[in-house]
Amino acid sequence: MRMLQIHSDGFGYELKRKAIKSAEKVESKTYSTDDSCLVNFIAAESSDEKNITKASSLTAQMIASAAEDVKEKNIVVYPWVHLTEAPAKPSVALKMLKSVAKILEEQGYNVVRVPFGWYKAFSIHCKGHPLAERSKVLDVETTEITEEEVTEGEDLTAIKAEEEAHSKFYIMEPDGSVTPVEKFDFTGFEELRLYVKYETAKDRTASEPPVHIEYMKQLELVDYEPGSDAGNFRWPPRGLTLKRAVEERVIKEMLEYGAHIVQTPLIYDYQHPSLKSYLQRFPSRQYVVRSGDRDYFARFSACFGQFLMISQAQVSYRQLPLKIFEIAPSFRREQSGELAGMRRPRAFTMPDIHEIVADVEMAKQSILKQLEFIMKLHAELEIQYEVSFRILRSFFEEHRDFINAVVARVGKPVMIEVFDERYAYFLFKGEWNVVDAQKKAACLGTCQIDVENSQRFNITYIGEDGKEHYPLILHTSPSGSIERILYGVLEQAHKDMKRGKKPTLPLWMTPVQLRLVPVDDSLIDYCVELGKELDKYGIRYEIDDRSLTVGKKIRSAEKLWIPYICVIGEREKKSGKVSVRRRAEGDQVEMKIDDVAEEIASKTSFAPKQQLMLPKMITKQAIFSREV
RNA sequence: GCCUCGGUGGCUAAGUGGUCAAGGCGUCUGCCUCGUAAGCAGAAGAUCGCGGGUUCAAAUCCCGCCCGGGGCUCCA
């Protein structure tokens, strides 16, 4: 906000014509007074948009203080955009000026607010005393520091630092060579080209909706819930089956990695000292939960719950690296315009592991180990992904061998962002991204070296010397949120379809792996018998017991992308085999039911057995959003 | 949050001021007992997102709100 203040003998204006479409409606086009008044020409700036309330109240404060100095009760608030080169949007400016006027009125001043959005003539007569002409500049953020009560350790400079930090983008190849992105030959790396373009040029135009949204409804996986807040989804049984299958898969991997599995609360106290400080890092995007006369926020990640838990645990150097894992919902109240299906919801399920390490050396070793499960899980998603690393320049230069080893393990060219000043809690961050049909990118897995939060949350371990030490913390999501995974696999299915392949979901997570299709009603009982064999292998199947033609039943199963469709008639009952349509192979073969089960089981042996979470008989299943 | 486009039975979708709001899918009933992507016939199902306004008359025009898509911004 910028402001020119004139203490004047009298003031008048006349509206000439509208300067902008959204000019305020007015009753009278002229105003004039001979009374003494303090005229404030005010320009709202784009920086004020970050916190209009604060900007308004500080501006009002400045005016009141100036009015106090010259003992003036009459105030004129005059919108004058020409004071700044970075004006706020008109709507914001108007909101702010209205708010300033209101605050001053409440304090007992006589306020005249000059209409917004008009070309005006005005007359003024400056009193000419030493305090009669003054100008003020308000920076919402820096002023906030001096005006607000700030507890020790709070770091308000971070957000600003992030804006000002400047960084360079490179492509790093598995052999360790580094090329600035603008000089790299992307031939053969089309998705990496798109990803880099998205990250650096910030080209974000899309005309079509994200393709996964259509599929998520048709396949009856997940759907909007108009009765909830935007970005909070409902999961019908097919989708829930998939979600659980993925969750259980990640949990299994984390247990094998040696993690402690925990669960922590969903809501947290705004007033808790560590959390208060942590929240200063981030814009206010929290869901607020009112309980009694106190406010809590719904967690936006699993970090604090785990940090608070570890900070009160007994940890010895003998247990390092110590691994804590949790998978549970998190909530971020993103701006409504940012929401986009499963790419960006407001409620999501995030697998989150925190690894406590003694020092940078141990951190590097652990990262190399984490890379193994991150790479493995992403491979199991059967999606194309692009990897990037964001690294503090000093760390990049001092640990070049480590960076080389990391990129070599990824095994293909990656994007590297090297930044000069640390703008967040990490000095090293890896991201595994998908690029979708809209040419937009979103991050799945991530791993970060956090050098800040052990102090903030007072997390310590007892070293060999018997003394307390602050560790480093590795923040890692082995797979990204379940919602993002679904987004990734559906977008991948779309890419496959464009290349002429039938779209599929990975066999281990697809809700129904096999459907038994009897050619007529008399064979339903036999299908139930066959189902018992499938149960022995933990195969997820259902039986199409509807009275439909075989063609119709096949079509129905194909529309749901069911990977194995088994047709059963008298012939099969006699031969003891079933006729199998295999989606991935695109063929039709005669097999014994045990062999089909064996095949599915062996292709999915790495995943825990997951039950299908609805009745097996299709006539007993409600229709939520599938077509047939 | 701002800008912009949209919302019509469970799904899809025609209708842009004037009779009982078209069709398709699905659902239900009956027939057919069926061999690898849509068998036949009939029936039920809609306060046209919600609220207000303009008009003799509103799904249709205007205002506000809710939900969704896209853009800006943002992405801990």
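Base pairing annotation: B/G1 forms a Watson-Crick or G-U wobble pair with B/C72, both donor-acceptor distances under 3.5 Å. Pairing for B/G42 is with B/C28, a Watson-Crick or G-U wobble pair whose two hydrogen-bonding atom distances lie under 3.5 Å. A 3.5 Å limit on both hydrogen-bonding distances identifies no Watson-Crick or G-U partner for B/A59. When both distances must be under 3.5 Å, the Watson-Crick or G-U wobble mate of B/G15 is B/U8.
Sequence order on RNA chain B of the closest nucleotides to A/Ser336 and A/Ile568 puts A/Ser336 first from the 5' end. Along RNA chain B, the nucleotide nearest to A/Lys217 and the one nearest to A/Ala230 differ in position, and the one closer to the 5' end is contacted by A/Lys217.
Not one side-chain nitrogen or oxygen of A/Gln218 sits closer than 4.0 Å to the OP1 or OP2 atom of B/U12. For the pair A/Lys553 and B/G39, the criterion of a side-chain N or O lying under 4.0 Å from OP1 or OP2 is not met. A/Tyr224 has a side-chain polar atom (N or O) that falls below the 4.0 Å cut-off from OP1 or OP2 of B/G69. Here A/Ser579 does not reach the OP1 or OP2 of B/U36: none of its side-chain N or O atoms lies under 4.0 Å away. For B/G39, the OP1/OP2 oxygens have a side-chain nitrogen or oxygen of A/Lys552 closer than 4.0 Å.
With respect to A/Glu334 and A/Arg346, no salt bridge is recorded, no charged nitrogen being found less than 4.0 Å from a carboxylate O. With salt bridges taken as basic N to acidic carboxylate O contacts below 4.0 Å, none links A/Glu483 and A/Arg344. With salt bridges taken as basic N to acidic carboxylate O contacts below 4.0 Å, none links A/Glu585 and A/Lys502. With salt bridges taken as basic N to acidic carboxylate O contacts below 4.0 Å, none links A/Glu627 and A/Arg555.
Between the base of B/C32 and the side chain of A/Thr549 there is no donor-acceptor pair shorter than 3.5 Å. In this model, no side-chain donor or acceptor of A/Arg626 finds a partner on the base of B/G26 within 3.5 Å. In the interface, the side chain of A/Arg285 is not paired with the base of B/C74 through any donor and acceptor atom under 3.5 Å apart.
Between the C1' atom of B/G70 and the CZ atom of A/Arg343 lies a distance of 10 Å, rounded to the nearest Å.
The same atom, C1', is picked in B/A38 and in B/C3; the two are 44 Å apart, to the nearest Å. Taking the P atoms as reference points, B/U8 lies 10 Å from B/A14, given to the whole Å. Separation of the P atoms belonging to B/G45 and B/U4 is 41 Å when rounded to the nearest angstrom. B/C40 sits 13 Å from B/C34 when the C1' atoms are compared, rounded to a whole Å.
Contact annotation for A/Val550: backbone-only contact, meaning every heavy-atom pair under 4.0 Å involves sugar-phosphate atoms and none involves a base. Within the nucleic acid shown, A/Gly227 has no heavy atom closer than 4.0 Å to any nucleic acid atom. Note on A/Glu570: a base of the nucleic acid sits closer than 4.0 angstrom, heavy atoms only.
Interatomic distance, OH of A/Tyr564 versus CG of A/Leu516, reported as 14.0 Å (0.5 Å rounding).
Cation-pi geometry between A/Lys616 and A/Tyr541 is met: under 6.0 angstrom from the ring centre, within 45 degrees of the axis.
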